[in-house]
Amino acid sequence: MKQPVNYVLDADIRSFFDSVDHELMLRALAVRIADKRILRLIRQWLRVGILESGECEPSEEGTPQGAVISPLLANVYLHYALDVWVQRWQASAARGPMIVVRYADDFVMGCKHERDGQEMLAALKARLSQCGLALHEDKTRLIEFGRFAAERRARRGERRPETFEFLGFTHYCSRTRSGRFMVKRKTQGKRLCRKLKQLRAEARRRMHQPVAEQHKWLSQVLHGHYAYFGVPCNFRSLQTFWWEVGRLWHRALRRRDRKRSLSWERFLQLLEHFPLPRPRITHGRHPAGAVVR
């Protein structure tokens, strides 16, 4: 919001955790780690293999699935494969400012000039190929984004700026009530549907538990959801999630009665004794106290 960003490169690495090159990983670790015993231990950890049908198959590439060290190794690997390389490329080839935001193997880039974005995309493909990685062609794109994107697209007779998804949020261009540009976020639709589908299956599995235990579990789910997705401008998505959780709980309670006698009115009376936590914004206020729609 405060940087001269006119274009966003929304990139996705294909099967990152399954494609990490072991030798390149150990070379990256050796930059900071001089103890050969630690490096040998990590090598063994990388090649521990996968247990399938009682047989262990050694792994020649990738990080151990589910291992606590995998996120740490991913950050180390991409620090040299991506972060350091992007800084050098920007200093030598970029015509304007650029920003990079990365979390594990998910990252987005912002640039001022479209040509920088196109050249970065081509150079990024070559760089990742050197590191044994590849971009997902269907999920990688360069989009027009930023404070002037809507005006430029309107002059060309095009629709509003495209959105991009990052860390479970859909980011889109908008404005505050005072007319200032703002990047707003809302819960990613696919992420919300997937979570509700999991909750429906779990609620059906727990439907014969005491109501107090079910209420405690659903309250924990809602508090955790608000703690992550409770960002400014996302209240409507939080409210949708709260409403759907109430509906699936009502459906689960009706299923355990053959006559399905629990009407919606009786369920509302039940909620008076076991209220579900209401949606709330848990993260910081808007910059400079901005008022948003």
Side-chain angles (χ1 to χ4, degrees), residues 1-12 86 94 96-118 120-121 136 138-196 222-245 277-293:
M1 291 168 56
K2 297 181 180 180
Q3 300 292 332
V5 172
N6 294 324
Y7 296 89
V8 167
L9 177 58
D10 182 15
D12 183 83
V86 167
M98 296 182 63
I99 61 171
V100 182
V101 181
R102 182 178 68 82
Y103 185 86
D105 62 322
D106 295 328
F107 66 95
V108 292
M109 298 182 181
C111 57
K112 182 177 181 180
H113 304 293
E114 183 179 11
R115 187 173 179 180
D116 282 348
Q118 295 173 346
M120 164 56 75
L121 179 57
H136 199 297
D138 297 334
K139 298 181 180 180
T140 301
R141 59 204 177 107
L142 181 67
I143 64 173
E144 192 173 12
F145 200 86
R147 65 178 67 250
F148 305 114
E151 299 175 6
R152 290 195 299 264
R153 293 176 66 89
R155 286 198 296 266
R156 297 196 300 265
E158 299 177 352
R159 299 182 62 186
R160 60 185 181 181
E162 296 182 80
T163 64
F164 67 92
E165 296 171 347
F166 185 56
L167 300 182
F169 290 96
T170 298
H171 296 68
Y172 60 99
C173 297
S174 185
R175 293 190 178 275
T176 64
R177 290 181 179 177
S178 59
R180 288 166 35 177
F181 169 75
M182 182 177 183
V183 177
K184 294 185 179 181
R185 294 171 289 174
K186 61 182 180 180
T187 308
Q188 187 177 336
K190 293 181 180 179
R191 180 75 65 90
L192 187 64
C193 293
R194 184 167 65 246
K195 182 63 177 179
L196 288 172
L222 288 170
H223 281 307
H225 187 84
Y226 302 155
Y228 184 81
F229 291 101
V231 299
C233 309
N234 195 34
F235 187 81
R236 183 176 296 180
S237 295
L238 297 181
Q239 202 166 27
T240 299
F241 185 76
W242 172 81
W243 174 258
E244 292 296 334
V245 168
R278 287 277 183 171
R280 60 191 182 93
I281 301 300
T282 57
H283 294 274
R285 298 178 60 189
H286 298 286
V291 180
V292 297
R293 295 176 181 175

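Annotation: the span from E165 atom CD to T163 atom OG1 amounts to 6.5 Å, rounded to 0.5 Å. Within the model, atoms OG1 of T240 and NZ of K186 stand 10.5 Å from one another, a figure rounded to the nearest 0.5 Å. A distance of 3.5 Å separates CE in M120 from CE in M98, rounded to the nearest 0.5 Å. Note that CZ of R180 and OG of S174 are 13.0 Å apart. Values are rounded to the nearest 0.5 Å. With rounding to the nearest 0.5 Å, the separation of CG in L9 from CZ in F107 is 6.5 Å.
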Residue pair C233, M182: steps toward the side-chain contact (heavy atoms from CB on, under 4.5 Å) verdict: CA-CA 10 Å; C233 309; M182 182 177 183; 4.0 Å; yes
Derivation of the side-chain contact (heavy atoms from CB on, under 4.5 Å) call for D10 and I143: CA-CA 8 Å; D10 182 15; I143 64 173; 5.5 Å; no
Stepwise side-chain contact (heavy atoms from CB on, under 4.5 Å) check, E162 with E144: CA-CA 7 Å; E162 296 182 80; E144 192 173 12; over 6 Å; no
Test log, rule side-chain contact (heavy atoms from CB on, under 4.5 Å), inputs L192 and H225: CA-CA 10 Å; L192 187 64; H225 187 84; 4.3 Å; yes
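Residue N6 comes nearest to K112 through the heavy atom pair ND2-O, 3.0 Å, listed as atom of the first residue, atom of the second, then distance. Nearest heavy-atom pair, P277 versus L222, reported as atom, atom and distance to 0.1 Å: CD-CD1, 3.6 Å. Across all their heavy atoms, R175 and K184 have their closest contact at O-NZ, 3.6 Å. For P161 against A150, the heavy-atom pair with the smallest separation is CG-N, 3.6 Å. Considering every non-hydrogen atom in both Y7 and H113, the closest pair reads CD1-C, 3.9 Å. Residues P279 and W242 approach most closely at CG-CB, 3.7 Å, considering heavy atoms.
Heavy atoms of other residues, nucleotides or ligands lying less than 6.0 angstrom from CZ of R160 number 12 at most. Atom CZ of R156 has more than 12 neighbouring heavy atoms from other residues, nucleotides or ligands inside a 6.0 Å radius. Environment of CZ in R152: crowded, with over 12 heavy atoms of neighbouring residues, nucleotides or ligands closer than 6.0 Å. Applying the 6.0 Å contact sphere to OH of Y103 captures no more than 12 heavy atoms from other residues, nucleotides or ligands.
Judged by distance alone, the side chain of T140 and the main-chain N or O of D12 form a donor-acceptor pair under 3.5 Å. For the pair H136 (side chain) and A11 (backbone), a donor-acceptor distance under 3.5 Å is absent.
Side chains of F145 and C173 form a contact here, defined as non-hydrogen atoms less than 4.5 Å apart. Residues R185 and T170 have side chains not in contact (no heavy-atom distance under 4.5 Å, counting atoms from C-beta outward). Between V101 and M109 there is no side-chain heavy-atom pair separated by less than 4.5 Å.
Under the 6.0 Å distance and 45° angle rule, K195 does not count as a cation-pi partner of F241. A cation-pi contact, defined as under 6.0 Å to the ring centre and within 45° of the axis, is absent between R280 and Y226.
When only modelled atom types and interatomic distance are considered, N234 and T187 share a side-chain donor-acceptor pair under 3.5 Å.
Less than 6.0 angstrom separates the ring centroid of F229 from the ring centroid of F169.
Using the six-membered ring where Trp is involved, F166 and H171 have ring planes that are tilted, between 30° and 60° apart.
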